[in-house]
Amino acid sequence: MALVYKLPLSSSLYSANTKQFNPINPKTILCSLHFNTTASSSSSSPFSEKHSLERYQRDQWIYNNLQKNQPEPVCVAALDEDSIRRNDIALQLPELKKLLQVLREKREEKCGEGKGGKCGPGNVYLVGMGPGDPELLTLKAMRVIQEADLLLYDRLVSNDVLDLVGLNARLLYVGKTAGYHSRTQEEIHELLLSFAEAGANVVRLKGGDPLVFGRGGEEMDFLQQKGIQVKVIPGITAASGIAAELGIPLTHRGVANSVRFYTGHSRKGGTDPLFVAENDADPDSTLVVYMGLSTLPTLALKLMCHGLPLNTPAAAIERGTTPQQRYVFAELKDLADKTALAKLVSPTLIIIGKVVSLSPFWPHSKEAPCLTETSHAF
C-alpha cells in the first residue's frame with residue numbers, strides 16, 4: 001500500500017543527521033503556538049488553519065495512539081514549521097496503518113460473501129465544497145461526504161462545511177499555506193492511492209471547485225494512471241460565489257463581454273504575479289484573481305502600465321461568503337493601498353473591471369455604467 005508503508009522512508013521523516021525522530025504531542029504544539037501572534041488569529045477564521053485547535057480536535061482520531069501512551073504536555077519553545085510537519089506525519093502513521101488494515105479486512109469480508117471473485121479498488125471522489133457557505137453545497141456533495149470512509153480536506157474547506165461530514169468518517173487535514181505544506185502534493189497522491197487500493201470510499205475535499213486552481217486535474221491524472229476510478233463533483237468556485245454575494249455580475253451586456261480567471265501566485269514566493277500580459281488589460285473584460293493578495297501591488301501596477309484605466313473599479317474580498325467576510329472597494333490605482341490599510345488576510349479574491357461598479361456596495365454608485373439593456377437576455 002503506497003504511502004502508509006513507504007512514507008517513513010520517502011517523506012524525510014528521518015533525516016540523514018538524525019537516527020530517530022521523537023514525536024511530540026500535538027497539544028504541546030498548540031501550547032507553543034499560544035505565544036505566536038500569527039497563530040492567535042486562527043480561532044476567528046472560518047477555515048481550517050494549519051495549527052488551529054479546531055483542526056486538531058477534528059483530526060483527534062489520528063493521534064489516538066499518542067494520547068493513550070503519553071502524559072499531558074507542558075509548554076515548550078516554539079517549533080519550526082518543518083519540525084511540526086515531520087512531527088505530524090510521524091504521529092499519524094500508526095493510526096493510518098490501523099485504519100488501512102481495517103478497511104482491507106472490511107473489503108475482504110464483503111468479497112467473501114460474494115462469488116469469491118477478486119475485489120477491485122474503491123472510488124476516489126474529488127469534491128468541490130464551494131467558497132465557504134455550507135448552503136452553497138450541491139446535493140451530490142452532501143451525499144458523498146456523508147458516505148465516505150476517509151476525507152482528506154484542504155485548508156479552504158470551511159469549518160461549517162466540515163460539520164456536515166458523516167459521523168463514521170475519518171477526517172485528515174492535508175492543507176497548504178504559504179511556507180507550510182502539511183503534506184506535499186506527492187504525499188497526497190499516495191494517500192489517495194493507498195486507501196483506494198484498500199477498497200475505501202475516499203473523498204478529497206477542496207474549497208471552491210476541484211478543477212479551478214485546485215490541482216484536482218493532477219490528482220485525477222495520477223490516480224487514473226494507477227487504475228483508480230475518479231469521480232469529480234463540481235463546486236461553486238470562489239469567483240462565482242463571492243461575486244454573487246456582493247452583487248457583482250461577472251459579465252454584463254455592454255459592460256463586460258468576457259471574464260478571465262487568473263492565479264496571483266508568484267514564482268518562489270515573490271511579489272511578481274505569473275501572468276499580466278498586455279492583452280490582460282482589457283477594459284471590456286472582468287479579471288478575477290485567486291490567491292493574489294501578496295502580488296496585488298505589482299499586479300495593479302502592471303495592468304495600469306499596460307493601459308487599464310487607473311479608475312477601473314475593483315474589489316478585494318477576504319473570506320467571501322462566510323460570516324467573517326470583509327471587503328474593500330476602490331479604484332484600481334488605490335486598491336493595493338486600501339487593502340493593506342484594511343489588513344485583509346488570505347484567502348482574498350480580487351475582482352477588477354467595470355462590472356464591480358454595478359455592485360450595491362460600490363461607493364461611487366453615481367459613476368456606475370448605464371444599465372439600459374439589463375432586461376435583455378444574452
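Throughout, numbering of the chain's residues begins at 1 and tracks the sequence.
The shortest non-hydrogen separation linking Ala141 to Ile233 is N-CG2, 4.0 Å. Nearest approach of Gly264 to Thr295, heavy atoms of both residues: O-OG1, 2.7 Å. Contact record, Pro360 with Gly247: CD-O, 4.0 Å, taken as the closest heavy-atom pair. Heavy-atom minimum distance, Asn123 versus Lys231: ND2-NZ, 4.1 Å. Ser158 and Gly132 get closest at one heavy-atom pair: OG-O, 2.7 Å. Scanning all heavy atoms of the two residues, the minimum distance from Ala336 to Pro297 falls at CB-CA, 3.9 Å.
Side chain of Thr348 to backbone of Leu344: no donor-acceptor contact under 3.5 angstrom is found. Judged purely by atom type and a 3.5 angstrom limit, Glu187 uses its side chain to pair as donor or acceptor with the backbone of Thr184. Distance alone, capped at 3.5 Å, is enough to place a donor-acceptor pair between the Tyr290 side chain and the Ala239 backbone. Between the side chain of Thr286 and the backbone N or O of Val259, no donor-acceptor pair lies under 3.5 Å. Counting only distance, with no hydrogens or angles, the side chain of Arg107 and the backbone of Val102 share no donor-acceptor pair below 3.5 Å. A distance-only check finds a donor-acceptor pair linking the side chain of Ser194 to the backbone of Glu190 [under 3.5 Å]. A donor-acceptor contact shorter than 3.5 Å is absent between the side chain of Thr251 and the backbone of Ser258. Put simply, the side chain of Ser359 never gets that close to the backbone of Val356: no donor and acceptor are under 3.5 Å apart. With hydrogens and angles disregarded, no donor-acceptor distance shorter than 3.5 Å links the side chain of Lys206 to the backbone of Gly128. A side-chain donor-acceptor contact under 3.5 Å links Ser182 to the backbone of Gly175.
Partners of Gln325 under the side-chain hydrogen bond (donor to acceptor under 3.5 Å, both in side chains) rule, at least two apart in sequence or in another chain, do not exist in this structure. Residues meeting the side-chain hydrogen bond (donor to acceptor under 3.5 Å, both in side chains) test with Gln225, sequence neighbours left out: Asp221. Every side-chain hydrogen bond (donor to acceptor under 3.5 Å, both in side chains) that Asp154 has, sequence neighbours left out, goes to Arg204. Under the rule for a side-chain contact (heavy atoms from CB on, under 4.5 Å), the partners of Asp334 that lie at least two apart in sequence or sit in another chain are Ala330, Glu331, Lys338. Residues satisfying the ring-ring contact (aromatic ring centres under 6.0 Å, His included) criterion with Phe222, sequence neighbours excluded, are His189. Considering only residues two or more places apart in sequence or on other chains, Thr138 meets the side-chain hydrogen bond (donor to acceptor under 3.5 Å, both in side chains) condition with none of them. Under the rule for a ring-ring contact (aromatic ring centres under 6.0 Å, His included), the partners of Phe329 that lie at least two apart in sequence or sit in another chain are Tyr327. Residues passing the ring-ring contact (aromatic ring centres under 6.0 Å, His included) test with Tyr153, sequence neighbours excluded: Tyr173. Partners of Leu211 by side-chain contact (heavy atoms from CB on, under 4.5 Å), not counting sequence neighbours, listed by chain and number: Asp209, Met220, Val232.
Note on Trp61: it clusters hydrophobically with Phe195, by side-chain heavy-atom contacts below 4.5 Å among ILVMFWY residues. Hydrophobic clustering (ILVMFWY, side-chain heavy atoms < 4.5 Å, transitive): Leu299 and Val345 are in distinct clusters. Val157 and Val144 fall within the same hydrophobic cluster, defined by Ile, Leu, Val, Met, Phe, Trp and Tyr side-chain heavy atoms under 4.5 Å apart, directly or through other members. There is a path of hydrophobic side-chain contacts, each under 4.5 Å, that joins Ile248 to Val212. Hydrophobic clustering of Ile, Leu, Val, Met, Phe, Trp and Tyr side chains at less than 4.5 Å, counting indirect connections, keeps Leu136 apart from Val165.
Rounding to the nearest 0.5 Å places CD1 of Ile188 at 8.0 Å from CZ of Arg215. Rounding to the nearest 0.5 Å gives a distance of 12.5 Å between NZ of Lys333 and CG of Leu308. Atoms CG and CD, from Leu100 and Glu197 in turn, are 9.0 Å apart once rounded to the nearest 0.5 Å. Atoms NZ and CG, from Lys98 and Leu93 in turn, are 12.5 Å apart once rounded to the nearest 0.5 Å. How far CG of Asp284 is from CG of Asn257: 5.5 Å, rounded to the nearest 0.5 Å.
Applying the ring-ring contact (aromatic ring centres under 6.0 Å, His included) definition to pairs two or more places apart or across chains, none involves residues 81-111. A ring-ring contact (aromatic ring centres under 6.0 Å, His included) check over residues 337-357, counting only residues at least two apart or in different chains, returns nothing.
Applying the under-4.5 Å side-chain rule to Ile, Leu, Val, Met, Phe, Trp and Tyr, the cluster around Leu301 consists of that residue alone.
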Run the side-chain contact (heavy atoms from CB on, under 4.5 Å) check on Lys302 and Asp280 step by step: do they pass?
CA-CA 10 Å; Lys302 285 190 172 184; Asp280 294 316; over 6 Å; no
Could you check Gln146 against Met142 for side-chain contact (heavy atoms from CB on, under 4.5 Å), going step by step and ending with a plain yes or no?
CA-CA 6 Å; Gln146 291 177 352; Met142 278 288 294; 3.3 Å; yes
Could you go through the side-chain contact (heavy atoms from CB on, under 4.5 Å) check for Gln92 and Lys97 one step at a time?
CA-CA 9 Å; Gln92 293 170 4; Lys97 289 179 179 179; over 6 Å; no
Are Leu192 and Leu223 close enough, and set up right, to give a side-chain contact (heavy atoms from CB on, under 4.5 Å), and what steps lead you there?
CA-CA 8 Å; Leu192 292 169; Leu223 291 166; 4.0 Å; yes
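At least one side-chain heavy atom of Leu332 sits less than 4.5 Å from a side-chain heavy atom of Met304. Residues Ile352 and Leu303 meet the side-chain proximity criterion, which asks for heavy atoms closer than 4.5 Å. Within the 4.5 Å cutoff, the side chain of Asp282 has heavy atoms near those of the Arg260 side chain. With a 4.5 Å cut-off on side-chain heavy atoms, Leu96 and Leu172 count as touching. Side-chain atoms of Leu164 and Leu137, non-hydrogen and from C-beta on, do get closer than 4.5 Å to each other. In this structure the side chain of Leu205 reaches within 4.5 angstrom of the side chain of Leu162, judged on heavy atoms. Under the 4.5 Å side-chain criterion, counting only non-hydrogen atoms from C-beta, Thr322 is not in contact with Asp133. Residues Tyr262 and Val288 form no side-chain contact, since every pair of their non-hydrogen atoms from C-beta on lies 4.5 Å or further apart.
Checked by atom type, the side-chain pair Arg155/Ser346 shows a donor-acceptor distance below 3.5 Å. Side-chain contact check for Glu219 and Gln185: at least one donor-acceptor pair (N or O, by modelled atom type) lies under 3.5 Å.
A salt bridge is defined here as a Lys NZ or Arg NE, NH1 or NH2 lying under 4.0 Å from an Asp or Glu carboxylate O, and Arg104 with Glu109 fails to meet this definition.
When the shell of 6.0 Å around CG of Asn168 is examined, it contains 12 or fewer heavy atoms from other residues, nucleotides or ligands.
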